Each structure stands twice: as C-alpha cells, then as structure tokens.
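These numbers come from a predicted model, not from an experiment. A note on names: the letters A, B, ... follow the listed sequences, proteins ahead of strands, and every chain is numbered from 1.
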2 protein chains.
Amino acid sequence: MRRVSAPRTARARVRAQLTTEIADVARTHLATDGAAALSLRAVARELGMASSAVYRYFPSRDDLLTTLIVDAYDALGDAAERAEAAVARDDLRGRLRAACAAARDWALTHPHEYSLLYGSPVPGYAAPETTIAPAGRVGLLVTGIVADGLASGALTPLPGGADVIEPRALADVGLTDDPTRAALVVAAWSGLFGAIGFELHGHTHNVVSDHAAWFRGVVDTHADALGLP
Amino acid sequence: MRRVSAPRTARARVRAQLTTEIADVARTHLATDGAAALSLRAVARELGMASSAVYRYFPSRDDLLTTLIVDAYDALGDAAERAEAAVARDDLRGRLRAACAAARDWALTHPHEYSLLYGSPVPGYAAPETTIAPAGRVGLLVTGIVADGLASGALTPLPGGADVIEPRALADVGLTDDPTRAALVVAAWSGLFGAIGFELHGHTHNVVSDHAAWFRGVVDTHADALGLP
DNA sequence: CGCCTCGACAGAGCAATGCTCTCGTCGGTT
DNA sequence: AACCGACGAGAGCATTGCTCTGTCGAGGCG
C-alpha cells in the first residue's frame with residue numbers, strides 16, 4: 001500500500017494516511033460485496049467525504065482496483081511463501097504441499113479477492129505493468145522448489161522439451177536445461193488455480209464431498225508428474 | 001434458446017421469435033464487450049424498442065444472462081462432444097485429446113462467453129438450477145471416456161479411493177467401483193479449465209511461447225495420471 | 001509577520017445504468 | 001361485437017463513474 005517511501009512534509013504524511021485509509025475501506029467492500037460492486041461513491045460515503053474528493057487520491061476506479069489487486073497478489077504470495085518456508089528444504093513434496101494448501105486457504109478466506117486475481121478480468125480493465133511482478137510470485141515459488149531439486153541432484157532433467165516455454169523465462173528461473181519440467185511447473189501452477197477456482201465457484205458442487213482431501217490429491221498428482229520424491 | 005416447444009398461437013410465435021432475437025443481440029454484445037458491459041438498454045436500442053419493453057421478455061438482466069450462460073454451456077458441450085465423437089471409441093487418449101482441444105478452441109473463439117462460464121461469477125448473480133445440467137456436460141464427457149475404458153477392460157480400477165467424491169455423483173456416472181479415478185477425472189477437468197483460463201487471461205504471458213503445444217502437454221499429463229493407454 | 005499561492009474538498013452536473021409504473025393501443029377470444 | 005390481456009412507450013427513481021467550478025485553509029516566500 002505504501003505509495004511513496006518517505007513522506008517528507010506533514011502534507012504528504014496525511015495524504016499517504018488517507019490514501020491507505022481509502023484503500024482499506026475499499027478492501028472491506030471488495031471482500032464483502034465483490035469487485036464489480038465496488039463503488040467509489042460508497043467508499044467516499046463511508047469515509048464521510050465527497051465522492052469527488054476521492055479522485056484526488058485515485059485518478060479512477062481502475063486505479064483503486066489496481067492497488068487492491070497488487071495488495072491481494074502480495075497477500076497471497078506472502079501466505080504461500082510463509083507456509084513453504086516452514087518446511088525442511090530437502091522435503092520437496094512437502095514444500096509444494098504446504099505452498100498449495102496455503103494458497104487454497106487464502107483463496108477460501110478471501111474469495112472475492114481471489115476472483116479478482118484469477119477470475120474473469122474486470123471489464124475495461126487492462127492490467128498495468130505493476131501487477132505482473134506480484135502475480136508471478138506463487139509461480140516462482142513452485143519453480144523454486146523444482147530448481148532446488150535440480151540443484152541438489154534430487155531431480156534429474158527430463159528428456160525432450162520442445163520450445164513451449166519462453167527461453168527468457170526459462171533463464172530467469174534457472175531451468176534452462178530442463179524445459180520439459182518447466183512446462184510441467186506451469187501446468188501444475190495453472191492446475192492448482194483451476195482446482196481452487198472450481199471449488200470456489202461451485203463447479204464441484206454435488207460432485208466433490210471432501211474438498212480438502214480432493215485438493216490434496218490434485219496437488220499430489222502434480223507432484224507425481226513433476227517427479228518429486 | 002427454444003423456450004417452449006410448440007408455439008400454438010401466432011402471438012406465442014412472434015413472442016418466441018422476439019425472445020430469441022433479443023438473446024441473439026445480447027450474445028453479440030457479450031461477445032464483443034464482455035458480460036459486465038452487457039446493457040439491457042443497449043440491446044433495446046439496437047432492436048429499436050424501448051428499454052422497458054425488453055422486460056416483457058426477460059424479467060431482469062440476470063435472466064438474460066442465465067439464458068446466455070445456458071446457451072454457452074451447450075455450445076461448448078456440443079463442440080467438445082462433436083470432436084470426441086469423431087475419434088475411434090477404443091482410442092481413449094485420442095478421445096480425451098480431441099475433447100480438450102475442442103474445448104480450448106471454443107474458449108479461444110468465445111473468450112467472453114468462456115469467462116462468463118468459468119471466470120468469476122457475475123456480482124449478485126446466483127446460478128439457478130437450469131444452469132447446472134449443461135454445466136456438467138464437459139465433465140460428463142471426460143467421465144464417459146474413463147467409464148468406457150473400465151467397461152472394456154482397458155482400464156482397471158485403481159486402489160484406494162477415500163470419500164472425496166459424492167457417492168451419488170459416482171453412481172450417476174457408473175464409477176462407483178473406481179472412486180480414485182473419479183477424483184482424478186475431476187482433477188483433470190478442473191486442470192483443463194485452469195490451463196485454458198490461464199492462457200485466456202494472460203497469466204502465461206511471457207512464460208509460455210507455444211500455447212497449443214503446452215496445452216497438449218497438459219492434457220497428456222492428465223491422461224497419464226488417469227492411466228489412459 | 002503578512003500575503004499569496006496551491007492543494008484539498010464540496011457540490012452540482014452529465015451521461016449512463018437497471019428497474020418500476022402508468023398509460024395508451026391493438027390483437028385474439030368469448 | 002365486446003372485452004380482456006398482452007404489448008409497447010415514456011417518464012421517473014436511485015444509482016454509478018467522472019468532470020468542473022468554486023471556496024477554504026495551510027504552508028512557503030518576501
């Protein structure tokens with residue numbers, strides 16, 4: 001949420017304060033009513049200010065949404081990273097399980113925020129540059145687990161590996177010599193969020209009885225595909 | 001789209017006609033502008049009628065959306081079923097590949113409709129009963145492939161199988177004696193739409209270079225997990 | 001210490017939305 | 001032929017995002 005690092009003047013300080021205050025109120029509205037119902041006027045009302053005053057802090061509703069999106073990505077990333085960090089480094093499968101379970105928990109506790117991130121994009125909203133870095137955190141986390149396995153020798157590169165993954169992305173995460181597994185990582189990543197989305201949006205209603213157990217199975221299926229011991 | 005089977009009177013016929021006409025215009029708006037931008041008034045304008053007149057045919061915007069959703073589910077289901085039907089019955093993996101590829105193609109050609117089905121639910125919109133049957137068609141299709149394999153002996157039931165899937169759903173699709181595989185089917189189903197959604201919503205931007213090949217890999221991973229020969 | 005500029009805010013206003021209500025009108029039925 | 005009900009139009013209400021104009025107060029400069 002911090003917009004600028006050092007609020008020098010008192011003016012700037014109170015401005016930063018109000019900015020976060022607006023974002024906080026907006027976040028609660030988002031959490032209770034969903035993204036599409038997020039009304040700038042309602043936020044202003046709750047803050048006791050005129051709707052036009054909010055525009056001094058956020059040039060448009062989309063900008064407000066952007067900061068909420070970035071915050072949500074960060075919260076989700078934090079949750080997953082914290083859970084994953086608590087597991088022994090050489091327990092690759094355990095790290096994946098922990099990260100995935102934390103992501104699911106976060107999604108279940110923040111359904112509307114999750115939908116904002118991984119559901120249909122908001123109409124007329126084009127994700128700006130600032131969102132792409134936080135968006136990759138969970139993917140990076142999974143990638144890191146696999147990269148660790150390769151580095152320690154617990155995993156050996158898989159054969160094949162056509163040009164499905166961007167070489168640039170491959171190099172960034174140190175998986176240049178195992179592109180096949182990189183593709184599997186992306187598959188696991190998307191499958192993970194597909195499973196969470198299905199549960200969240202009710203597509204498994206009357207089909208899955210124990211969602212937690214089913215999700216664990218999904219994660220283990222991906223762990224098997226990745227060859228995690 | 002057909003609302004009632006036999007329009008007896010001329011009145012009923014012209015009514016049915018106008019009803020589908022409204023839905024058709026709404027569908028084009030949905031296809032071009034997305035679900036949230038679908039405006040009842042804009043549809044009425046394009047049809048040259050007062051906005052209030054539309055309410056004689058659809059009691060609310062949500063009802064219009066519901067018929068669009070049902071139609072979209074049916075179109076997606078049709079596409080997948082047609083593609084799958086063209087493959088030799090004993091080629092289980094080929095059938096899965098065909099169905100999945102068709103689903104992806106349909107999603108890429110109808111992104112907004114796809115988002116309406118598998119993206120975040122529209123705010124304040126509660127999916128009525130009528131949507132759940134068409135929604136399950138693609139899942140049923142995948143299930144049918146596995147069930148065929150079990151019936152022909154190409155597949156043998158997997159061990160284990162905790163109570164993760166609803167017994168009722170298990171019985172409905174004839175997978176009572178292979179609950180483990182049923183859970184894998186649901187996993188494949190959700191993973192499939194997770195992958196499509198990732199591609200569609202740009203989460204794999206700068207990561208995946210060849211989406212078609214990557215998607216084939218995802219499908220084959222699930223086919224492997226399901227044990228398809 | 002006084003002035004003055006600039007940021008902050010409020011309110012009115014515009015175009016648009018979903019939905020309701022009322023009021024004519026025309027078609028099909030008894 | 002009379003009538004009843006479906007149909008369509010128009011006005012209206014509450015709401016939204018966003019802009020514009022005017023006013024006030026606090027901070028900086030002379």
Review point. How close or far is atom C1' of D:dT19 from atom CZ of A:R56, stated in whole angstroms?
Key: 11 Å
**Study point:** Under-4.0 Å side-chain N/O to phosphate OP1/OP2 contact, A:R61 with D:dG17
**Key:** yes
Exercise for review: Establish, from distance only, whether the side-chain atoms of A:T66 and A:D63 form a donor-acceptor pair under 3.5 Å.
Suggested key: no
**Study point:** Selection: residues 42-51 of chain A, any non-hydrogen atom under 4.0 Å of DNA chain C
**Key:** A:G48, A:M49, A:A50
Exercise for review: Please tell me which of the listed nucleotides, D:dC7, D:dG8, D:dG17, lies nearest to the side chain of B:R15?
Suggested key: D:dC7
Got a list of side-chain donor-acceptor pairs under 3.5 Å for residues 38-45 of chain A, not counting sequence neighbours?
unit_1: A:S39; atom_1: OG; unit_2: A:R41; atom_2: N; d: 3.2
unit_1: A:S39; atom_1: OG; unit_2: A:A42; atom_2: N; d: 3.0

Check your understanding: Under 4.0 Å: is that the gap between some side-chain N or O of B:Y57 and OP1 or OP2 of D:dG8?
Key -> yes
Study note, to complete from the structure: By salt bridge (charged side-chain N to carboxylate O under 4.0 Å, His left out), A:E84 pairs with (sequence neighbours left out) A:R89, A:R95
Review point. Sequence neighbours excluded, which residues qualify as ring pair (Phe, Tyr, Trp, His ring centres under 6.0 Å) partners of B:H112?
Key: none
Check your understanding: Does A:D78 have any salt bridge (charged side-chain N to carboxylate O under 4.0 Å, His left out) partners at least two apart in sequence or in another chain, and if so, which?
Key -> A:R137
Check your understanding: Which one, D:dT19, D:dA9, D:dC18, comes nearest to the side chain of A:L40?
Key -> D:dC18
Point to revise | A:D63 CG to D:dG17 P, straight-line distance once rounded to whole Å | key: 14 Å
Check your understanding: Heavy-atom distance under 4.5 Å between the side chains of B:E113 and B:L68, does that happen here?
Key -> no
Check your understanding: Would you call the rings of A:F193 and B:F198 parallel, tilted or perpendicular, where under 30° means parallel and over 60° means perpendicular?
Key -> parallel
Exercise for review: Could you list where the contact with chain A starts and ends along DNA chain C, reading 5' to 3', using a 4.0 Å heavy-atom cut-off?
Suggested key: C:dG7 to C:dG13
Review point. When all nucleic acid strands are considered with a 4.0 Å heavy-atom cut-off, which category describes A:S39: base, sugar-phosphate, or nothing?
Key: sugar-phosphate
**Study point:** Parallel, tilted or perpendicular: rings of B:W106 and B:H110 (30°, 60°)
**Key:** parallel
Exercise for review: Using only heavy-atom distances, determine whether the side chains of B:S190 and A:H203 contain a donor-acceptor pair under 3.5 Å.
Suggested key: no
Check your understanding: With a 4.0 Å cut-off on heavy atoms, is B:L64 in touch with a base, just the backbone sugar-phosphate, or nothing at all?
Key -> nothing
Practice item. Using whole Å, report how far CZ of A:R41 lies from P of D:dT15. Key: 10 Å
